[in-house]
Participant: 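Here it is, the structure, as structure tokens.
Here is how names work: the chains are called A, B, and so on, in the same order as the sequence lines, proteins then strands, and each is numbered from 1.
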Amino acid sequence: MRDIPFPARSIYHDHVFFHLAPRSLRAADKKRSSTLQSRLAARYRACFHARPDPSQHMANKDVTDPARMEKIVSLCKRRGFIFQAGEIYGGLNGCWDYGPLGAELKRNLKDYWWRKTVQERDDVLGMDGAILTMEQVLISSGHVGGFADPMCECPLTKQRLRADQVPASSPGVEYTFLGASDQTTGKTTDKTFTVLIPDEKQDKDRSAQKIALQYYRDLLGKGSAPKTLDNGWTVQPGPREGELYNPENGVLLSEPRMFELMLKANFGATGDQIAYLRPETAQSIFCQYKNVLDSNRVKLPFGIAQCGKSFRNEINPRNFTFRSREFEQMEIEYFCHPDDGLRLTDEWLEERLKFYGEIGIPREKLHILDIPDGERAFYSQKTYDIEYEFPFGIQELEGVAYRTDYDLGVHEKGAGKSLVYFDEETKEKFLPHVVEPSAGCDRTVLALICEAFDEETLTDEKGKEDIRTVLRFVPRMAPIKVGIFPLLKKNEDQVRICREIQKILQPWMTVFYDDGGALGRRYRRQDEVGTPFCVTVDFETLGEQGGELKNTVTVRHRDSMEQERLPISGLLAWLLERVR
RNA sequence: GCGGGCGUAGCUCAGUGGUAGAGCGCCACCUUGCCAAGGUGGAUGUCGUGAGUUCGAAUCUCAUCGCCCGCUCCA
């Protein structure tokens, strides 16, 4: 991908930059362009006071790279990173299993996050809450009822509209059609269709018939045969009380339906007790905030971190593991004095960006959105989205949200228990505010793979070209740290020494022994799964070429393909320094 | 959930009503003294699943599951 130079601009701190590499669009897809363009334009408005003309930077740069994504998905399956859940039964939509290498990768990410956020900080404690969640908790948080918007559907355009956002219709005449038939196929329908034609419209009967025919044409099949409106129609003044009409075409919308956004679990002897699978790990933290505080002698500001599974009934899982029904979150709820909330939100953003750098996602590939007023959740005073340039588009990895005292407030009220904090020093009593850096674990794993994936063209002495597929994980994320190979598998001494080296390294890191095929091929196999180092035991190791190189091995580097000679005795220390 | 496209070996795909295929990968043996594809042999499929039409279905029809694109949604 080519990058168009663009000035980064500081918006609130000198050290935080908005990365504005404007993404452009596939010229072939105009419809898509316009949506994306408007979305991007909105982002520019959101991020800048004085904004540059986005259109200047939109050209000639593909925002998506489906071919690259296909290769990544294929590699993931072929080498055992990620499989579709229940694949042999046809697969379960929106669910994925991590294979051997994927599990290592994900574990490395979670372990590193835990180490950095919990173990190496004095002010953050860990917890691990239950997945099954009481309905009461989620009623208080607003997940039951509150966030599930009733939606209506337009039978003509199939558009979905939020019932509470449909504007009132102006007075007119409501036509109800009672059915139609197709003269050639003989197909008929008695489905009714209702449309409101506003009073100011001329020739209402014709307008109503035209739109009804459009509806029945879609229903009966798109053949060219004329359709007839059977049974005529009825007319009454509209709009009727309590009914909603599509503002664009006047069509009567379907009854509002609630969308089930959470997954339920039934249990108890007769299965009539219900609980929800948590839609986020945050709620158990809020509910246990007081217990953690009381049992650990901590003072504000402090945080509680949790990593674990959450579940959402995604309408439309998509983009490989990016949007799944079951996913893992890495969340921190950082409790603080109300005066410190905004400052800490900025500090956490910076902290989290540092983290992404440490796991191998460069700052240039991250986009930070400062979500403007009106687009944030109503309780949030500040929200940053950290987005990554996936091959399928720029998508969110993490949100850093200043949630004020909303969460503790609703649980205090819902549970009827005081969650007020008493500051010994200032003698002040208050409900703590919360800053929440909430990261998607599976998304980050996907970002790690996407970022690491590379195809390198090598040219040998004869000028022959060869493509090397390599995953350039930073060593601390790599599923396998070291490959161990005998130069010749028939040489018993080489094999024995390899096994000895394996025993030395195994307690400290993942290693992989391989003696299959030519040595170069083994190197390439490890490149493809991102193993940063390979150790080869050869004839020098055995001391056959004079004693000088005895007990040394070749260490080969994944990225440069260069080699160096190291003594076996120093191997463990040398590797530990580089893989942690 | 709606509309369009698609589903054949581990992967990428060819095969449009008449014996299930190719390349790569994989396994075994040989060869190989440090960057893949040299030799010999081998395994692999209920053609996504189920029903229907047909003497006969990977191929046609319907349903279903899944994937991709677009809408919609994303606390």
Side-chain angles (χ1 to χ4, degrees), chain A residues 26 29 31-32 35 64 66 69-71 73-80 83-95 138 141-149 151-162 218 222 254 257 259-262 279-280 282-283 310 312-320 322-323 325 376-380 392 395-396 399 401 403 406-407 438 458 460 464 466-470 485-491 494 516-528 534 536-540 544-545 553-558 560-563 565:
Chain A
R26 267 190 291 183
D29 196 336
K31 192 175 173 195
R32 191 193 167 111
T35 334
T64 61
M69 197 58 210
E70 272 170 37
K71 285 181 194 164
V73 173
S74 165
L75 177 67
C76 282
K77 184 175 180 187
R78 186 158 42 86
R79 299 309 306 269
F83 309 117
Q84 182 166 32
E87 197 194 61
I88 61 166
Y89 289 99
L92 181 59
N93 187 271
C95 297
L138 296 166
S141 69
H143 287 91
V144 176
F147 295 125
D149 302 310
M151 304 286 294
C152 309
E153 195 176 84
C154 171
L156 180 65
T157 62
K158 309 293 180 198
Q159 268 174 298
R160 259 212 200 126
L161 301 152
R162 271 177 64 169
D218 290 348
K222 284 173 187 151
S254 67
R257 273 197 310 153
F259 268 75
E260 199 62 65
L261 300 174
M262 287 190 290
E280 58 182 21
Q283 296 308 324
S310 293
R312 292 180 193 177
N313 186 25
E314 291 290 350
I315 308 294
N316 194 354
R318 195 155 287 191
N319 286 330
F320 201 26
F322 183 82
R323 176 157 300 150
R325 295 215 164 97
R376 289 190 299 268
F378 64 90
Y379 48 76
S380 176
F392 47 81
Q395 298 280 348
E396 181 183 346
R403 301 173 64 111
Y406 170 78
D407 303 283
S438 169
L458 303 173
D460 66 15
K464 207 173 158 195
D466 164 37
I467 292 171
R468 181 171 79 119
T469 302
V470 46
F485 314 141
L487 183 58
L488 286 184
K489 73 169 163 185
K490 287 265 174 73
N491 187 303
Q494 287 177 9
L519 185 65
R521 192 205 253 311
R522 292 179 235 159
Y523 284 148
R524 298 299 181 87
R525 273 201 283 251
Q526 291 307 307
D527 288 343
E528 210 178 33
C534 291
T536 300
V537 172
D538 54 23
F539 293 98
E540 280 86 356
E544 288 187 7
Q545 318 289 314
V553 289
T554 301
V555 175
R556 180 262 196 185
H557 294 253
R558 176 194 66 201
S560 63
M561 298 169 73
E562 278 166 12
Q563 306 184 354
R565 201 79 202 173

Participant: Between B:A58 and B:G18, how far is it from one C1' atom to the other, in whole Å?
Facilitator: 13 Å

Participant: With respect to the side chain of A:Phe539, which nucleotide from B:C35, B:A75, B:G33 is positioned closest?
Facilitator: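 Out of B:C35, B:A75, B:G33, the nucleotide with an atom closest to A:Phe539's side chain is B:G33.
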
Participant: Can you check the distance between B:C27 and B:U44, where both ends of the measurement are the C1' atom (answer in whole Å)?
Facilitator: 11 Å

Participant: Rounding to the closest angstrom, what is the interatomic distance between B:C24 and B:G56 at atom P?
Facilitator: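 The same atom, P, in both gives a distance of 39 Å.
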
Participant: Please report the interatomic distance CZ(A:Arg78) to OG1(A:Thr469), rounded to the nearest 0.5 Å.
Facilitator: 7.0 Å

Participant: Does the structure show a Watson-Crick or G-U wobble partner for B:C47, both distances under 3.5 Å? Name it, or say none.
Facilitator: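 None - no nucleotide pairs with B:C47, as no candidate has both distances under 3.5 Å.
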
Participant: May I have the distance from A:Phe392 (atom CZ) to B:C68 (atom C1'), rounded to whole angstrom?
Facilitator: 13 Å

Participant: Tabulated below should be each protein N or O lying under 3.5 Å from an N or O of nucleotides 29-32 of chain B; please produce it.
Facilitator:
{"unit_1": "B:C30", "atom_1": "OP1", "unit_2": "A:Lys490", "atom_2": "NZ", "d": "3.4"}
{"unit_1": "B:C30", "atom_1": "OP2", "unit_2": "A:Lys490", "atom_2": "NZ", "d": "3.3"}

Participant: Using atom names, set out every protein N or O paired with an N or O of nucleotides 42-45 of chain B below 3.5 Å, distance rounded to 0.1 Å.
Facilitator:
none

Participant: Could you check whether A:Phe83 gets within reach of a base, just the sugar-phosphate, or nothing at all, counting any heavy atom under 4.0 Å?
Facilitator: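 No contact at all - A:Phe83 keeps every heavy atom at 4.0 Å or more from the nucleic acid.
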
Participant: What is the distance, to the nearest angstrom, from the OH atom on A:Tyr523 to the P atom on B:C35?
Facilitator: 8 Å

Participant: For B:G15 and B:C60, measure between their P atoms and round to the nearest Å.
Facilitator: 12 Å

Participant: Could I get the full list of side-chain contact (heavy atoms from CB on, under 4.5 Å) partners for A:Gln563, not counting sequence neighbours?
Facilitator: A:Tyr523, A:Thr554, A:Arg556

Participant: Is the shortest side-chain heavy-atom distance between A:Pro279 and A:Leu138 below 4.5 Å?
Facilitator: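 Heavy-atom side-chain distance check passes, below 4.5 Å.
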
Participant: Specify the separation, in whole Å, of atom CD of A:Glu396 and atom C1' of B:C74.
Facilitator: 9 Å

Participant: Quick check on B:C67: is either OP1 or OP2 less than 4.0 Å from any side-chain nitrogen or oxygen of A:Gln84?
Facilitator: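 Checking B:C67 against A:Gln84, a side-chain N or O does come within under 4.0 Å of OP1 or OP2.
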
Participant: Could you state the atom-to-atom distance from CZ of A:Arg558 to P of B:A36 in whole Å?
Facilitator: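 Nearest whole value for this atom pair: 19 Å.
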
Participant: Tell me which nucleotide, if any, is Watson-Crick or G-U wobble paired with B:A28 when both distances must be under 3.5 Å.
Facilitator: B:U40

Participant: Taking side-chain hydrogen bond (donor to acceptor under 3.5 Å, both in side chains) as the definition, give me every residue that meets it alongside A:Gln283, ordered by chain and number, with sequence neighbours left out.
Facilitator: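 Partners of A:Gln283 under the side-chain hydrogen bond (donor to acceptor under 3.5 Å, both in side chains) test: A:Glu280, A:His411.
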
Participant: Can you tell me the distance, in whole Å, between the CD atom of A:Glu70 and the P atom of B:C69?
Facilitator: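 About 9 Å, once rounded to whole Å.
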
Participant: In Å, rounded to the nearest 0.5 Å, how long is the span from CZ of A:Arg376 to CZ of A:Arg403?
Facilitator: 13.5 Å

Participant: Looking only at heavy atoms, which two atoms of A:Leu487 and A:Leu519 are closest? And how far apart?
Facilitator: CD1-CD2, 3.6 Å

Participant: Rounded to whole Å, how long is the line connecting atom CZ of A:Phe320 with atom P of B:C69?
Facilitator: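 Whole-Å distance recorded here is 13 Å.
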
Participant: Do A:Phe485 and A:Gln494 make a side-chain contact, defined as non-hydrogen atoms from C-beta onward lying under 4.5 Å apart?
Facilitator: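 Of all side-chain heavy-atom pairs linking A:Gln494 with A:Phe485, none is under 4.5 Å.
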
Participant: If you find the nucleotide of RNA chain B closest to A:Ser74 and the one closest to A:Glu562, which residue's nucleotide is nearer the 5' end?
Facilitator: A:Ser74

Participant: Can you tell me, in whole Å, how much space there is between the P of B:C47 and that of B:C55?
Facilitator: 22 Å

Participant: Would you name the heavy atoms of A:Tyr406 and A:Ser141 that are closest together and state the gap between them?
Facilitator: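 What the structure gives for the nearest pair is OH-O, 3.2 Å.
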
Participant: Are A:Arg325 and A:Asn313 packed together at the side-chain level, in the sense that at least one heavy-atom pair is separated by less than 4.5 angstrom?
Facilitator: yes

Participant: Enter the distance from A:Arg525:CZ to A:Cys534:SG here, rounded to the nearest 0.5 Å.
Facilitator: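 Reported to 0.5 Å precision, the distance equals 11.0 Å.
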
Participant: Who is the Watson-Crick or G-U wobble partner of B:A14, with both distances under 3.5 Å?
Facilitator: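 Across any shown strand, B:A14 pairs with none.
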
Participant: Grab the CG-C1' distance between A:Leu75 and B:U12 for me, whole Å please.
Facilitator: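 About 14 Å, once rounded to whole Å.
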
Participant: Name the pairing partner of B:C60, where a pair is Watson-Crick or G-U wobble with both distances under 3.5 Å, or state none.
Facilitator: B:G52

Participant: Using heavy atoms to find the nearest nucleotide of RNA chain B for A:Arg468 and A:Cys95 separately, return the residue whose nucleotide is more 5′.
Facilitator: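 Residue closer to the 5' terminus by nearest nucleotide: A:Arg468.
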
Participant: Please give the nucleotide sitting opposite B:G7 as a Watson-Crick or G-U wobble pair, both distances under 3.5 Å, or none.
Facilitator: B:C65

Participant: Suppose you measure atom C1' in B:U16 against the same atom in B:C35; what distance do you get, rounded to whole Å?
Facilitator: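 Nearest-Å result for B:U16 against B:C35 at atom C1': 45 Å.
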
Participant: Does B:G1 pair with anything, Watson-Crick or G-U wobble, both distances under 3.5 Å, and if so, with which nucleotide?
Facilitator: B:C71

Participant: With A:Lys71, which residues qualify under salt bridge (Lys or Arg N to Asp or Glu O under 4.0 Å), at least two apart?
Facilitator: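 Residues passing salt bridge (Lys or Arg N to Asp or Glu O under 4.0 Å) with A:Lys71: A:Glu455.
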
Participant: Measuring only between side-chain heavy atoms, which start at C-beta, is A:Met561 closer than 4.5 Å to A:Arg524?
Facilitator: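 Yes, close enough: below the 4.5 Å cut-off.
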
Participant: Restricting to non-hydrogen atoms, name the atom on A:His557 and the atom on A:Ser560 that form the minimum distance, rounded to 0.1 Å.
Facilitator: CB-OG, 3.5 Å

Participant: Tabulate atom names and distances for all N/O pairs under 3.5 angstrom spanning the protein and nucleotides 24-27 of chain B.
Facilitator:
{"unit_1": "B:C26", "atom_1": "OP1", "unit_2": "A:Arg525", "atom_2": "NH1", "d": "2.9"}

Participant: Which value, in whole Å, describes the distance between the P atoms of nucleotides B:A28 and B:G4?
Facilitator: 49 Å

Participant: What distance do A:Glu70 atom CD and A:Phe392 atom CZ have between them, rounded to the nearest 0.5 Å?
Facilitator: 13.5 Å

Participant: Would you classify A:Asn319 as touching base, sugar-phosphate or nothing, given that sugar-phosphate means primed atoms plus P, OP1 and OP2, and contacts are heavy atoms under 4.0 Å?
Facilitator: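 Since only primed, P, OP1 and OP2 atoms lie under 4.0 Å of A:Asn319, the category is sugar-phosphate.
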
Participant: Among the candidates B:C11, B:A75, B:C67, find the nucleotide nearest to the side-chain atoms of A:Lys77.
Facilitator: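 Among the listed nucleotides, the one closest to the side chain of A:Lys77 is B:C11.
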
Participant: Any N or O donor-acceptor pair under 3.5 Å from the base of B:C35 to the side chain of A:Arg556?
Facilitator: yes

Participant: Tell me: CD of A:Glu528 to C1' of B:C11, nearest whole Å?
Facilitator: 10 Å

Participant: If the C1' atom of B:A14 is compared with that of B:U8, how far apart are they to the nearest Å?
Facilitator: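 So the two C1' atoms sit 9 Å from each other.
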
